Every structure is written in structure tokens, then in C-alpha cells.
Amino acid sequence: MKPVRKIIFPAAGMGTRFLPATKASPKEMLTIVDKPLIQYGVEEALAADMEQIVIVTGRGKRAIEDHFDISAELEANLKKAGKEKLYKRVSHVSRMAEVVYVRQKEAKGLGHAVLCARHWIADEPFGVSLADELIISDEPAMQQLRRVYEQTGYSVLGLMQVPADQVYKYGIVAYQAEEEGLLRLTDMVEKPQPEVAPSHLAIIGRYIFTPRLMELLRDVQPGSGGEIQLTDAISALAKEEPVYGVLLDGQRFDAGNPAGFLLANAVLGLQHETYGEALRTALKARL
Ligand code: G1P
């Protein structure tokens with residue numbers, strides 16, 4: 001079995017749910033407490049031993065590239081000013097990972113975004129992570145997937161239970177329970193209405209794929225919302241070879257919409273070692 005070394009972060013979406021905040025800056029750069037959303041995702045991937053990060057960007061996404069670049073002037077200024085702690089944090093961001101960028105020229109859907117990275121992936125297994133699904137857990141979410149990949153040698157999707165009235169927002173899976181707590185996924189449907197949803201288990205933005213997925217993506221026709229859906233390619237893959245699901249352990253925030261984003265800031269802010277206590281006191285005084 002080939003090891004998973006590469007991971008794709010699709011980041012070319014328009015961020016319409018966050019307008020006007022995302023009019024001139026990428027939604028992936030929106031801040032949760034003191035770090036942009038995409039940095040959480042990249043740190044999670046590195047904690048799961050991913051070696052190469054492929055970020056699929058589009059128009060107006062330059063800030064992401066700048067964020068992971070070395071900023072020599074800023075670093076020199078921080079050093080000169082004796083701000084050692086800040087210097088370390090800033091220089092860490094630009095040196096922590098090997099990041100490459102691919103442009104998605106048109107917004108044709110998540111499946112198309114992943115396909116844009118095919119030359120970087122070649123014939124290796126690979127991860128995909130959606131940064132607006134923020135998952136805070138003891139064992140990094142990607143590592144939870146990696147364990148199942150290393151046990152089975154097949155593709156793995158991160159899943160969580162969602163309420164019936166929310167299934168229309170997600171890819172929803174049909175599954176069979178196998179030995180050792182494994183879930184073998186037999187099908188998946190993108191954004192079904194509740195009456196036709198095969199379960200309440202939703203795909204939560206974390207994936208590991210065998211290389212075959214990339215080949216199947218080439219043939220996927222526009223599906224839900226007129227877009228090339230990753231879920232449709234996974235459904236085709238599950239008809240050819242096993243695809244597994246893992247119930248993710250951790251706190252999950254749908255930071256891709258303002259309500260989930262605010263909740264993530266509130267919860268992580270209150271838990272933060274530097275700001276938590278003061279925030280709690282200030283909120284108590286105001287509410
Ligand atoms: C995407 C996927 C969907 C998945 C969801 C998780 O949808 O297409 O299968 O359940 O992410 O957040 P999007 O939210 O980009 O419409």
C-alpha cells in the first residue's frame with residue numbers, strides 16, 4: 001500500500017455566504033480567534049503526517065499564498081523589536097509545510113476543484129480537506145482517516161451524524177457495518193431531500209482517496225446544483241472497490257456559514273489559554 005503524502009485543499013469558492021466580508025478577501029482567511037481558517041486545516045494535515053499541501057485557489061485568493069510565504073521584512077522587524085514570541089509564530093507559518101498552488105479558472109464545483117490538482121497527485125493516494133469544516137479533536141481528524149486507510153488500503157471518508165432536517169446540506173451515505181467497527185459505504189448522494197436520504201450520516205469535509213478516484217472524476221457529469229460533484233465520483237468508486245467511513249471524534253464547526261463561524265469563535269475564544277478567562281468575564285458583564 002502506498003503511503004498518503006499529499007493533501008488537496010479546495011479554496012477557490014466565492015464565499016458568498018460571508019459577503020460583504022469576502023468581497024475582497026478569501027473566506028479561508030477569515031479568522032477563528034487568532035489564526036485564519038485554512039491554517040487550522042493545514043496544521044491538522046501536518047499533524048496527520050501529510051507532507052505536501054496542494055491548495056486549489058482562484059481569483060482573489062492571493063492572500064492565502066502570502067500567508068504561507070516567508071515575509072522577510074515582517075520577520076526582520078519583529079526580531080529587531082524583540083518580539084520573539086510573535087516572530088516564532090509568524091516564521092513557523094511560512095516554514096511548516098511544503099505548499100503548492102493550483103488555479104481553478106472557473107467555479108465548476110468541488111469535484112472539478114479536486115481534478116485541477118491531478119498533476120500534483122499523479123498516481124498516489126491523497127487526502128482532501130475542506131477548511132471551512134473546522135474539527136477540533138485530540139487525535140487530528142485526518143489522522144483518524146489515515147488509521148482506517150492504513151488498516152484497509154482503501155478510500156476513507158470522515159462522517160458525522162446530522163439531524164434529519166439538515167441532510168439537504170451534505171453528501172449523505174448509505175452503509176453497511178463491518179467487523180472491527182468499520183463502515184463500508186455502499187452509496188452516497190449529494191444534498192438529498194430528507195425523504196430520500198439513505199441515512200443521517202453526512203460527509204464532513206475529510207477524505208482519503210485511492211488514485212482511482214482522480215480517473216473517475218474526469219468522467220463525472222454536472223450533478224447537484226449543476227456542478228461537478230466529488231460525491232458523484234465517490235459513488236462511482238464505491239461500485240468498483242471498497243470505500244470506508246469513519247465516524248469522526250471531535251468538536252465540529254461549520255465555519256463556512258456565519259452562524260457556525262461565530263460559534264467557533266465563541267467556543268474556541270472561551271477555551272483559549274490567553275484570551276479565554278478575560279472573554280468570559282467581559283461577556284458575563286455584558287449579557
Ligand atoms: C461539500 C460536499 C458535501 C459535504 C460538505 C461538507 O458541500 O459536496 O458532500 O457534505 O461539503 O461540508 P458544500 O458545503 O461545499 O456545498
Side-chain angles (χ1 to χ4, degrees), residues 7-18 22 26-28 30 32 37-38 40-41 44 55-58 61 104 106-116 127-136 141-142 144-145 155-175 183 185 187-194 196-209 213 216-217 220-238 243 245-248 250-261 263-264:
I7 183 163
I8 302 172
F9 282 82
M14 311 247 279
T16 30
R17 279 180 286 189
F18 275 102
T22 47
K27 89 171 163 184
E28 295 76 11
L30 290 173
I32 306 284
L37 209 36
I38 191 149
Y40 286 87
E44 179 199 307
I55 302 183
V56 182
T57 66
K61 301 284 185 167
Q104 183 185 22
E106 290 171 274
K108 286 196 195 165
L110 179 58
H112 180 255
V114 170
L115 191 59
C116 288
V128 173
S129 182
L130 308 186
D132 52 12
E133 290 286 359
L134 177 62
I135 304 171
I136 307 293
M142 255 304 156
Q144 297 178 42
L145 269 69
S155 302
V156 190
L157 314 188
L159 306 173
M160 278 191 181
Q161 193 86 25
V162 295
D165 64 356
Q166 302 284 306
V167 291
Y168 73 93
K169 293 183 181 169
Y170 300 96
I172 301 292
V173 302
Y175 63 94
L183 297 180
L185 307 184
D187 201 7
M188 49 285 308
V189 191
E190 183 66 15
K191 303 193 173 69
Q193 288 306 308
V196 293
S199 74
H200 294 166
L201 279 187
I203 305 169
I204 300 293
R206 298 292 184 280
Y207 313 79
I208 285 178
F209 293 120
L213 190 274
L216 290 169
L217 256 181
V220 170
Q221 298 302 311
S224 170
E227 296 188 333
I228 306 220
Q229 294 293 350
L230 182 59
T231 303
D232 292 343
I234 311 171
S235 176
L237 183 67
V243 173
V246 59
L247 282 170
L248 290 172
Q251 282 195 81
R252 171 235 170 191
F253 301 96
D254 176 7
N257 75 65
F261 173 78
L263 182 66

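This structure is a prediction, so every number in the text was calculated from the model and none was measured. Order of listing sets the numbers, starting from 1, for every ligand and every atom in it.
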Got more than 12 heavy atoms from elsewhere within 6.0 Å of CZ, Phe18? yes
Say whether Met188 and ligand 1 are in contact under the criterion: heavy-atom distance to a ligand atom below 4.0 Å. no
Using only heavy-atom distances, determine whether the side chains of Glu190 and Ser224 contain a donor-acceptor pair under 3.5 Å. no
Contacting atoms of ligand 1, where contact means under 4.0 angstrom from a heavy atom of Gly171: 3 (C), 4 (C), 9 (O), 10 (O)
Ile136: what forms a side-chain contact (heavy atoms from CB on, under 4.5 Å) with it, not counting sequence neighbours? Tyr40, Leu134, Gln251, Phe253, Leu268
Can you report which non-hydrogen protein atom sits closest to atom 15 (O) of ligand 1, along with the distance? Lys191 NZ, 4.8 Å
When you look for heavy atoms under 4.0 Å from ligand 1, do you find them on the side chain of Leu130, its backbone, both, or neither? side chain
Min side-chain heavy-atom separation Leu213-Ser155 under 4.5 Å: no
Atom 10 (O) of ligand 1: nearest protein contact (heavy atom, Å): Ile203 O, 2.6 Å
With no hydrogens and no angle check, do the side chains of Glu227 and His112 hold a donor and an acceptor under 3.5 Å apart? no
Quick one: does Leu248's side chain get under 4.5 Å of Leu159's, heavy atoms only? no
Can you report which non-hydrogen protein atom sits closest to atom 9 (O) of ligand 1, along with the distance? Glu190 OE1, 2.8 Å
Does Leu230 come within less than 4.0 Å of ligand 1, judged by its heavy atoms? no
Report, in ascending order of atom number, the atoms of ligand 1 lying under 4.0 Å from any heavy atom of Glu133. 6 (C), 12 (O)
Counting from 1, what ligand 1 atoms have a heavy atom of Thr231 closer than 4.0 Å? 9 (O)
With sequence neighbours excluded, residues passing side-chain contact (heavy atoms from CB on, under 4.5 Å) with Ala202: Val162, Tyr170, Ile172, Ile204
